[in-house]
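Single-structure report; data block below.
Lettering of chains follows the sequences in order, A, B, ..., and the numbering in each one begins at 1. Below, each value reflects all heavy atoms present in this structure, side chains not excepted, and no hydrogens, waters or symmetry copies.
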There are 2 protein chains.
Amino acid sequence: MSRKVSMKDIAKIAGVSPSTVSRVINKPSEVSEGLRKKVMKIIKELNYTPNSVAQGLRKGSMKVIGVVIPDITNPFFPAIVRGIEDFLRKKGYSLVLCNSDQDMEEEKKLLKFLYSKNVDGVIFTGSGEYNPEIEIFTSRNIPLVFLDRIYKKESSSYVIVDNVDGMFKLMTYLVKCGYKSFALLNGYKETFSAKARYEGFLKAVKKYNIKNYEVVFGRFTYESGYEMVEKLSKIPEVLVCGNDLIAYGVINKIEKLGLSIPDDVGVTGFDDIAFSKHYKPSLTTVRQPMYQIGKKAAELLFKMIELEKYKPKGIVLNPELVIRESTKKIEMEV
Amino acid sequence: MSRKVSMKDIAKIAGVSPSTVSRVINKPSEVSEGLRKKVMKIIKELNYTPNSVAQGLRKGSMKVIGVVIPDITNPFFPAIVRGIEDFLRKKGYSLVLCNSDQDMEEEKKLLKFLYSKNVDGVIFTGSGEYNPEIEIFTSRNIPLVFLDRIYKKESSSYVIVDNVDGMFKLMTYLVKCGYKSFALLNGYKETFSAKARYEGFLKAVKKYNIKNYEVVFGRFTYESGYEMVEKLSKIPEVLVCGNDLIAYGVINKIEKLGLSIPDDVGVTGFDDIAFSKHYKPSLTTVRQPMYQIGKKAAELLFKMIELEKYKPKGIVLNPELVIRESTKKIEMEV
DNA sequence: TGCAAATATTCAAACGTTTACCTCTTAACC
DNA sequence: GGTTAAGAGGTAAACGTTTGAATATTTGCA
């Protein structure tokens, strides 16, 4: 097993000092053409690449960022991660992926882990609560971007989607469709998204003076959607779901009850994950720009890392109403 | 912005040498109880964590592994990545994720990138062809595990699923169900998976003496599934799809043609991605143990990294037949 | 009390770069 | 021809650890 070739090796073979080799690589203009070519040739021949760990030590940055998400297996996240990676790799950064399962203790461990790995920055989607471990980064001025979450406590950057408005837009549409009775089947109550969607729902209830509605909380899963239908005191004209997964479960249960969608009842989702356009019926939902969320977060983080005095910034992205087959066609103007 | 606290700082405050601090952390038994406590206290107070870049340089390993996959957005991969991460983090490794989009040039870049980042090992799922850049790792004895692919050229480890057998099992089942005419709607021809599934199909054709069959190649997508149906000279009794995504598209097209599943025709998938059990009809398919694939690969890589003379090894996982609503019930024994 | 052995601690080199500073050569100018 | 400036390359320190070797301290024992 041959040791990796180092700068010294190149230097020795070329008969120059290591610093010259370094310059050939980093500031070619500062070394004469003859030497440069000679050294370059040897570098090519030996297939030399600088040891980035040594570089990292010397320069104080490994060009690595940490990404903490609840679970890559949740269809909401892959596109976000992709957005982050596409942007950051172009800048020479690599991305360390961590799944926290929304567990506070696990999050703490991961944060410590990333800190000890000397990452240059972190993109973080946490559980609902504020994780004090965050401060090991903020207190040392290591940039941090929150995804899909805001903590007023910190003056960090964040990228969120206006869930309240998304839900409100959806409700406005449903009202226009002529639906009169509603149920909100939501995810876990303590969650940022569940809260915001609930808020948007309530806003619409008030604005459009909806009398006939019901709200139930569960989890953001297929199974939970299925179950939540059973908890309803009666089946309303339209079932507004906290996310697409819930909607799938709801659709299944509703059809099992012998009701047809959208003729008997309407069902809506939230997120517009990849399958929602292929589901049967295809799902009326609110699209979150996942790839954009990731990309924007990466961009923000990058600026905070590389620009001396870049100030933390919050970005609010707008969700988009996607109308498909699971709701009836619009019948009147409000 | 305060510099990070280093071992020297701790040492100075404690009035000991840096090496003592190092020992307190790494070999506590070699330092007297008094000093150990004193130093520990200061470490806690200052919230000190060793700089892993320096450790990495000194020890020659950053405890980082690279994972190259085509696209995290493809539902096949998240669970694999999760399996890898769960295993490796427990061992103190972190995982750098890279998406190659199956592009040969991109793969090369990523491999170089990972090499220059001094990863301890790589888990690689490539495009169909052999990527010579692989050799920058193998030639330097940096462990490599191939996922879902074998290259005979290299004596590396790999984890694959026996696709041939999976398809054969499925076909055996379909024959038992009494289906007499078949079509295979496959993914991109040059692909390992497409080839293997084709092979399994042919094996069954031969074994069960199937006369009435047709094969068409497309891509592993919903849209391609939809289109491939149109290319068929006639609709057979059962449509065997190269993966679940194709099956979804096929189902949609079939229903659009006014045929009902499974009464008029059967449809099967391959992979058993998360949605297939919720699809309507739920999909008869062949389950790939994705999480296991990831976990096994991580385990293998770990052993290759940490065990002095561990020999590369191939692991073949068995897929599992999953029978659901998209095919008719078994009606006879073969 | 003296000496060896065991234990505790420090020293200094090493890992592979980058870079500020120094030296040497060459060219330019009057 | 002598002075200066620019250009080219080398030297050595620094980044923050770990670790083998060296030294200092304590302990046990005769």
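In terms of polar N and O atoms assigned as donor or acceptor, the side chain of B/Arg58 comes within less than 3.5 Å of the base of D/dT18 in a complementary pairing. The base of D/dG20 sits within donor-acceptor range of the side chain of B/Arg23, with an N or O pair under 3.5 Å.
Here C/dC15 presents its P atom at 14 Å from CE of A/Met7, a figure rounded to the nearest Å. Between the NZ atom of A/Lys38 and the P atom of D/dG9 there is a distance of 10 Å, given to the nearest Å. Rounded to an integer number of Å, the gap from CD1 of A/Ile10 to C1' of C/dT17 is 13 Å. Nucleotide C/dA8 holds its C1' atom 14 Å from the NZ atom of B/Lys27, rounded to whole Å. Distance B/Asp120 CG to C/dC15 P: 18 Å, rounded to the nearest Å. Following rounding to the nearest Å, A/Asn118 (CG) and D/dT17 (P) show an atom-to-atom distance of 9 Å. One interatomic measurement links the two molecules: CE of A/Met62 to P of C/dG16, which rounds to 14 Å at whole-angstrom precision. Atom-to-atom, NZ of A/Lys4 to C1' of C/dG16 comes out at 11 Å; the value is rounded to the nearest Å.
A cation-pi geometry, defined here as NZ or CZ lying under 6.0 Å from the six-membered ring centre and within 45° of its normal, does not hold between B/Lys4 and B/Tyr48.
Contact check, A/Asn26 against C/dT18: a side-chain N or O comes under 4.0 Å of OP1 or OP2. Residue A/Gln55 has no polar side-chain atom (N or O) positioned under 4.0 Å from OP1 or OP2 of C/dG16. Dashed line: the shortest gap from a side-chain N or O of B/Tyr48 to OP1 or OP2 of D/dG16 is not under 4.0 Å. Dashed line: the shortest gap from a side-chain N or O of A/Thr20 to OP1 or OP2 of D/dG10 is under 4.0 Å.
Residue A/Ser6 is classed as a sugar-phosphate contact, given heavy-atom separations below 4.0 Å to backbone atoms only. Backbone-only engagement by B/Ser32 is indicated by non-hydrogen atom pairs under 4.0 Å involving sugar-phosphate atoms exclusively. Using a 4.0 Å heavy-atom distance criterion, A/Ser19 is classed as a base contact. Within 4.0 Å of B/Val16, counting heavy atoms only, lie sugar-phosphate atoms of the nucleic acid but no base atom.
Between B/Arg23 and B/Glu30 a salt bridge is recorded (basic side-chain N to carboxylate O distance below 4.0 Å). Salt bridge B/Lys295/B/Glu299: absent, no basic N to carboxylate O contact under 4.0 Å.
Checked against C/dT17, C/dT18, D/dC15, the side chain of A/Asn51 finds its nearest nucleotide in C/dT17. Closest to the side chain of A/Ser22, out of C/dT19, C/dC15, D/dT19, is C/dT19.
Pairing each heavy atom of B/Leu300 with each of B/Lys313, the nearest pair is CD2-O, 3.6 Å. Of all heavy-atom pairs between A/Pro70 and A/Gln102, the closest is CB-CG, 3.7 Å.
Note that the CD atom of A/Glu306 and the NZ atom of A/Lys91 stand 8.0 Å from one another [nearest 0.5 Å].
Summary of the strand contacts: B/Ala54 and B/Glu30 both lie near DNA chain C, and taking for each the nucleotide with the nearest heavy atom, the more 5' one is attributed to B/Glu30.
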